[in-house]
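Everything numeric here is computed off the predicted structure, so don't read it as measured data. Every number for a ligand or one of its atoms is a count from 1 in the order of the listing.
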Amino acid sequence: MNILAFETSCDETSVAVVKDGVNVLSCAIATSMNMHAQSGGIIPENAARKQIEYILPTIEKALSDAFPAIPLENRDALFQEIDAIAVTVGPGLIGSLLVGVETAKTLATLFNKPIIPVNHVVAHIYAAFLETEVPLFPFLALIVSGGHTDFVYAEKHGEYKLLGGTRDDAAGEAFDKCARIIGLGYPGGPAIAKAADTFMAEQPTNKMNLLPRPMMYQDTIEVSFSGLKTAVMRCTTQNDQSHQYSKEQLAAEVQNAIVDTLVEKLIKAADKRPVKSIIVCGGVSANLYLRKRLSALHLFESTKIKLHVPEIRYCTDNAAMIGSCAYFNKNFTEIASVSPNPELHF
Ligand code: KG4
Ligand code: ZN
């Protein structure tokens with residue numbers, strides 16, 4: 001079954017063709033990152049305007065990459081290859097969601113295809129099903145993105161139980177906000193990772209205990225990252241007085257504080273219920289230091305639990321994960337009832 005999938009919940013415009021939920025025939029992504037880097041963050045109206053501009057060329061790229069033998073002008077033949085259309089309906093920015101939803105509904109009507117609305121946060125989990133060994137149930141998923149830090153338990157597709165998450169800022173949000181305070185660019189996650197690498201290569205034995213790890217040792221599966229900003233701000237203020245922390249050192253401290261907390265809480269969450277797989281996904285799972293720490297965990301050596309982290313290109317927002325989520329959940333919906341929901345929950 002080939003699904004044509006759309007993802008436009010935030011600043012990316014992505015269209016993919018996914019076969020049977022696991023094979024990515026194409027995944028085109030147009031990004032307006034440079035524009036947001038100039039403004040230091042996403043301005044929702046600007047993001048949506050760019051998505052309107054990008055959506056048609058991105059569809060064409062996804063279709064021609066998936067079916068190179070069929071000319072783009074032969075739309076009927078191209079859409080004969082498509083069995084269903086999937087689209088992110090939330091959570092996200094309303095203007096951005098509308099671009100994907102209206103485009104998907106138009107194509108579904110025009111070419112008479114069934115449509116499957118998809119929850120973006122749940123879809124991040126399905127990035128771990130793409131082009132690799134499929135995770136087994138029951139699984140524990142840690143979704144770490146710009147808007148979410150969620151620990152989710154699932155016994156089967158469609159039944160996701162939220163075990164815990166952040167009380168305030170999401171992990172990606174903490175990376176982004178701390179990067180801004182330190183004076184590193186947007187998006188903050190990759191900028192912090194790069195600066196942190198430099199510091200850790202120069203001072204591999206540094207203890208990295210400058211910043212707090214709130215709630216880390218409490219026996220809950222909750223995290224709190226908002227205090228990090230204040231602590232980083234305190235360090236940058238101290239820079240004027242007695243201490244001198246470089247940007248690279250602060251970046252390494254931020255990355256360590258976030259990764260320590262995530263890893264510690266993941267071990268706690270895994271202890272709550274027996275699982276066969278642990279999935280770590282979402283934009284922050286692209287972080288190489290986090291990936292290294294996860295793969296070194298004793299948990300995966302001492303038990304049969306298998307770790308699944310998506311390929312880096314499927315960690316951040318992309319339409320392939322939307323196509324996979326739609327395939328495994330097949331929540332076919334009447335076209336007229338599909339609408340964006342910026343506040344969508346599990
Ligand atoms: O999943 P995603 O692409 O979008 C949301 O659904 O939010 O995640 C974006 C977040 C941003 O906060 C970004 O800074 C973070 O993921 N991120 C990273 C890395 N790459 C992206 N954080 C840490 N290290 C990275 N390499
Ligand atoms: Zn996302």
Side-chain angles (χ1 to χ4, degrees), residues 5-14 16 27 29-33 36-37 40-42 44 47 87-93 96-97 100 118-128 130 141-150 152 165-166 169-182 184-198 200 225 228-229 251-263 279-294 309-322 324-325 342 344 346:
F6 290 85
E7 159 57 40
T8 63
S9 65
C10 191
D11 56 336
E12 313 287 13
T13 308
S14 180
C27 183
I29 304 181
T31 179
S32 49
M33 194 86 86
H36 304 309
I42 297 170
V87 61
T88 300
V89 289
L93 304 169
S96 294
L97 288 168
V118 171
N119 177 319
H120 175 90
V121 183
V122 173
H124 268 299
I125 297 174
Y126 286 86
L130 297 168
L142 166 58
I143 307 161
V144 263
S145 67
H148 287 260
T149 305
D150 295 334
V152 175
T166 183
D169 290 353
E173 192 179 355
F175 269 108
D176 294 338
K177 287 180 175 170
C178 290
R180 189 179 298 183
I181 296 168
I182 297 170
L184 295 163
Y186 172 88
I192 290 217
K194 190 162 170 251
D197 272 358
T198 309
M200 291 198 290
F225 289 118
L228 265 184
K229 293 176 306 220
E253 291 281 356
V254 168
Q255 179 172 267
N256 268 263
I258 295 174
V259 169
D260 279 356
T261 310
L262 293 175
V263 168
I279 299 169
V280 180
C281 56
V284 177
S285 68
N287 185 281
L288 295 183
Y289 179 63
L290 172 63
R291 296 167 82 98
K292 192 169 127 196
R293 289 276 302 273
L294 289 170
V309 186
E311 275 183 40
I312 293 209
R313 62 191 158 143
Y314 301 131
C315 290
T316 44
D317 291 350
N318 67 87
M321 68 187 196
I322 307 301
S324 175
C325 184
L344 188 64
F346 274 98

Checklist entry - Considering only heavy atoms from C-beta outward, does the side chain of Cys315 approach that of Arg291 to under 4.5 Å? => result yes
Item to check | atom 3 (O) of ligand 1: nearest protein contact (heavy atom, Å) | outcome: Asp317 N, 3.0 Å
Next on the checklist: Quick check: closest heavy atoms across Met321 and Ala123, and the distance to 0.1 Å?
Outcome noted: CB-O, 3.4 Å
Checklist entry - Of all the atoms in ligand 1, which lie at a distance below 4.0 Å from a heavy atom belonging to Gly172? => result 12 (O)
Checklist entry - Is it the side chain (CB and beyond), the backbone, both or neither of Asp176 that lies under 4.0 Å from ligand 1, heavy atoms counted? => result side chain
Checklist entry - Could you walk me through whether Arg293 and Leu262 pass the side chain to side chain contact (heavy atoms under 4.5 Å, CB included) check? => result CA-CA 10 Å; Arg293 289 276 302 273; Leu262 293 175; over 6 Å; no
Checklist entry - Can you tell me if His124 has a non-hydrogen atom under 4.0 Å from ligand 1? => result yes
Item to check | Protein N, O or S within less than 2.8 Å of the Zn ion (ligand 2), waters excluded | outcome: His120 NE2, His124 NE2, Asp317 OD1
Checklist entry - What residue and atom, counting heavy atoms only, is the protein's closest point to atom 24 (N) of ligand 1, and at what distance? => result Asn287 ND2, 3.0 Å
Next on the checklist: I need the atoms of ligand 1 closer than 4.0 Å to a non-hydrogen atom of Gly147, numbered in the order shown.
Outcome noted: 7 (O)
Checklist entry - When you look at CZ of Arg180, are more than 12 heavy atoms from neighbouring residues, nucleotides or ligands closer to it than 6.0 Å? => result no
Next on the checklist: Does Asn318 form a side chain to side chain contact (heavy atoms under 4.5 Å, CB included) with Glu7? I'd like the steps, not just the answer.
Outcome noted: CA-CA 6 Å; Asn318 67 87; Glu7 159 57 40; 5.9 Å; no
Checklist entry - Considering only heavy atoms of Gly283, which atoms of ligand 1 have at least one such atom less than 4.0 Å away? => result 1 (O), 2 (P), 8 (O), 16 (O), 17 (N), 18 (C), 19 (C), 20 (N), 21 (C)
Checklist entry - Hey, is His120 one of the residues with a heavy atom under 4.0 angstrom from ligand 1? => result yes
Next on the checklist: Would Tyr289 and Asn256 count as a side-chain hydrogen bond (donor to acceptor under 3.5 Å, both in side chains) here? Give the steps.
Outcome noted: CA-CA 8 Å; Tyr289 179 63; Asn256 268 263; 3.0 Å; yes
Item to check | Atoms of ligand 1 close to Gly146 [distance to a heavy atom under 4.0 angstrom, numbered from 1] | outcome: 5 (C), 7 (O), 8 (O), 9 (C), 10 (C), 12 (O)
Item to check | Phe175 neighbourhood, listing ligand 1 atoms whose heavy-atom distance to it stays under 4.0 Å | outcome: 22 (N), 23 (C)
Checklist outcome for this item: Heavy-atom proximity to atom 18 (C) of ligand 1, picking from Gly188, Ala286, Gly189, points to Gly189
Next on the checklist: Check contact between Pro190 and ligand 1, using heavy atoms of the residue and a distance below 4.0 angstrom.
Outcome noted: yes
Checklist entry - Donor-acceptor pair, Thr8 side chain versus Ser96 backbone, under 3.5 Å? => result yes
Next on the checklist: Asp169 vs Lys229, test: side chain to side chain contact (heavy atoms under 4.5 Å, CB included). Steps then yes/no.
Outcome noted: CA-CA 10 Å; Asp169 290 353; Lys229 293 176 306 220; 2.9 Å; yes
Next on the checklist: Please report the interatomic distance CD1(Ile42) to CG(Leu93), rounded to the nearest 0.5 Å.
Outcome noted: 6.5 Å
Checklist entry - Roughly how far, to the nearest 0.5 Å, is CG of Leu344 from CG of Asn119? => result 4.5 Å
Checklist entry - How far apart are the C-alpha atoms of Ser14 and Cys27, what are their side-chain angles, what is the distance that settles it, and do they pass the side chain to side chain contact (heavy atoms under 4.5 Å, CB included) test? => result CA-CA 7 Å; Ser14 180; Cys27 183; 4.0 Å; yes
Checklist entry - Can you name the ring pair (Phe, Tyr, Trp, His ring centres under 6.0 Å) partners of Phe175, sequence neighbours left out? => result none
